[in-house]
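Numbered from 1 within each chain, the chains take letters A, B, ... in sequence-line order. Note: hydrogens, waters and symmetry copies are ignored here, and every other heavy atom, side chains too, is used.
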Amino acid sequence: MRIRFGYVAMALDIIEGSPNKTVTVANLLKVPQEADRLNRLRRLVKKNLENQLRVLKYNKAHEIEVFRVTSKLIPLATHPATAGWDYLSEFHNELDEIGGYAKDNNMRLSAHPDHFVLLNSPKAEVISASLKDLEYHADLLDAMGLNDSAKLVLHVGGLYKDKEPALVRFKDNFKLLPAKIRNRIIIENDDRSYSAADVLKLCKELNAPMVLDVHHHYCCNNGEPLIDLLPDIFDTWQVMQPKLHFSSPKDAKNFRAHADCVNVDDLLNFLRIAKDCVNRDFDIMLEAKQKDRALHALMQQLKGIQGIKIVGQAAIEY
DNA sequence: TCGTGTCAAGATCTT
DNA sequence: AAGATCTTGACACGA
């Protein structure tokens with residue numbers, strides 16, 4: 001099996017390289033002239049997009065082909081304070097360059113709208129805000145020229161004291177999504193409410209790929225062994241290369257929290273399971289607080305381990 | 001210059 | 001019913 005590794009949102013080793021720069025609404029509104037407010041946002045976007053391209057160049061230098069772009073590239077994009085602002089046209093060239101660079105270098109980009117995006121909320125206003133946020137994400141990927149192989153990761157959402165109707169709401173709203181959004185969505189198991197088995201069942205019904213979060217599975221399950229789930233989880237990807245999320249717990253007391261780096265034994269345990277039940281290349285998104293540094297550290301630790309062949313700087317054969 | 005509280009957004013647990 | 005917590009990087013403010 002060939003396995004590529006990637007990381008999330010920003011590279012800590014790039015100095016002054018954040019693509020997450022932002023401003024709060026309160027501070028934005030302190031700027032007296034409305035035109036000046038927009039210009040403040042434009043300066044932030046310009047810097048974020050510049051830094052996003054720098055991150056991709058850094059990734060290329062380190063042979064990293066799997067990366068999740070931050071949701072904060074355009075600050076306050078869906079907030080009423082910026083209503084009517086056509087940032088897609090203004091930054092068309094920059095976005096196109098970012099996507100072009102990714103495509104030219106065989107990079108797999110994704111995004112992960114944050115936990116305020118809920119397709120199963122009973123509140124109409126939460127659903128409409130979620131749609132707006134999903135549209136923002138899909139439009140950004142479109143503007144980058146990336147087809148629907150560039151995915152949007154979603155969780156199922158809240159339990160609302162009654163799981164079955166909550167799942168029905170998710171399914172109903174999912175089916176109503178515009179195709180340009182729906183075709184990008186992949187669904188992830190979470191650490192409290194919807195187990196890997198729950199999400200697998202859902203993904204089969206919706207014909208959507210499932211992104212397994214291995215750490216979340218150990219936080220939330222009903223005793224199902226991963227080895228029983230993994231073949232079907234990978235099957236939800238059909239001809240696409242499966243991707244999964246991996247992290248180590250911070251410590252026993254904060255088991256749900258992400259550690260700075262990935263524990264190599266945690267990974268080896270998973271690789272053994274995968275080797276036993278699937279025979280397929282896949283990608284692993286590392287969700288470690290030390291981001292790119294955690295990836296580099298993991299690759300160092302994998303060197304010399306029996307059965308692992310290092311391929312370049314961010315991939316292995318196992 | 002450094003430390004701390006706050007920030008667009010929701011859900012859920014605690015009091 | 002209201003408040004704290006989750007999670008997170010960036011920023012504004014005050015010491």
> Taking NE2 from H115(A) and C1' from dC7(B), how many angstroms apart are they, rounded to a whole number?
Replying inline: 12 Å
> Tell me: CG of N254(A) to P of dT5(C), nearest whole Å?
Replying inline: 14 Å
>> Could you check whether R4(A) pairs with D283(A) (Lys NZ or Arg NE/NH1/NH2 to Asp/Glu carboxylate O, under 4.0 Å)?
In response: yes
>> Strictly below 4.0 Å: does K123(A) bring a side-chain N or O up to OP1 or OP2 of dA11(B)?
In response: yes
>> Using atom P in both nucleotides, what's the gap between dA4(C) and dG5(B) to the nearest angstrom?
In response: 13 Å
>> Closest-nucleotide mapping onto DNA chain C: is N20(A) or K30(A) further toward the 5' terminus? I mean the 5' end.
In response: N20(A)
>> When you compare the ring of F116(A) with the six-membered ring of dG10(B)'s base, are the centres less than 5.5 Å apart and the planes under 30° from each other?
In response: no
> Quick one: are the ring centres of H155(A) and H115(A) less than 6.0 Å apart?
Replying inline: no
> Contact class for S18(A) (heavy atom, under 4.0 Å): base, sugar-phosphate, or nothing?
Replying inline: sugar-phosphate
> In whole angstroms, how far is the P atom of dC11(C) from the CG atom of N27(A)?
Replying inline: 11 Å
> Of the candidate nucleotides dT8(C), dA11(B), dC11(C), which contains the atom at the shortest distance from the side chain of L118(A)?
Replying inline: dA11(B)
> Any salt bridge between D139(A) and K180(A), counting N to O under 4.0 Å?
Replying inline: yes
> Any stems for DNA chain B, made of 3 or more Watson-Crick or G-U pairs in a row, each with both distances under 3.5 Å?
Replying inline: B:1-7 with C:9-15, B:10-15 with C:1-6
> Rounding to a whole Å, what distance do you find between K289(A):NZ and dG9(C):P?
Replying inline: 5 Å
>> Using a strict threshold of under 4.0 Å (side-chain N to carboxylate O), is an ion pair present between E50(A) and K46(A)?
In response: yes
>> Please confirm whether the shortest side-chain N or O distance from K291(A) to OP1 or OP2 of dG9(C) is below 4.0 Å.
In response: yes
> Taking the P atom of each, how far is dG10(B) from dA10(C), in whole Å?
Replying inline: 23 Å
>> What contact category does A26(A) fall into here, base, sugar-phosphate, or nothing, at under 4.0 angstrom with non-hydrogen atoms?
In response: sugar-phosphate
> In terms of side-chain geometry, is the basic nitrogen of E65(A) or R108(A) positioned less than 4.0 Å from the acidic oxygen of its partner?
Replying inline: no
> Do E135(A) and K132(A) meet the salt-bridge criterion of a basic N to acidic O distance under 4.0 Å?
Replying inline: no
>> Using the P atom as the point on both nucleotides, what is the distance between dT12(B) and dG9(C), in whole Å?
In response: 24 Å
> Does a side-chain N-to-carboxylate-O contact under 4.0 Å join E205(A) and K171(A)?
Replying inline: yes
> To the nearest Å, how far apart are K132(A) NZ and dA8(B) P?
Replying inline: 15 Å
>> Does S121(A) reach a base, just sugar-phosphate, or nothing at all? Heavy atoms under 4.0 Å.
In response: sugar-phosphate
>> Measure NZ/K161(A) against P/dG10(B) and give the value in whole Å, please.
In response: 17 Å
>> So that I can tick it off, tell me whether K163(A) and D198(A) are bridged by a salt bridge, with the cut-off set at under 4.0 angstrom between side-chain N and carboxylate O.
In response: yes
> What's the closest nucleotide to the L159(A) side chain, out of dA11(B), dT12(B), dC13(C)?
Replying inline: dT12(B)
> Rounded to whole angstroms, how far apart are CG on L28(A) and P on dC11(C)?
Replying inline: 13 Å
> Can a side chain N or O of K72(A) be found less than 4.0 Å away from OP1 or OP2 on dA9(B)?
Replying inline: no
> Quick one: the side chain of T24(A) and the base of dA12(C), do they pair up donor-acceptor inside 3.5 Å?
Replying inline: no
>> Measure CG/L12(A) against C1'/dT8(C) and give the value in whole Å, please.
In response: 13 Å
> Taking the P atom of each, how far is dG3(C) from dT6(B), in whole Å?
Replying inline: 14 Å
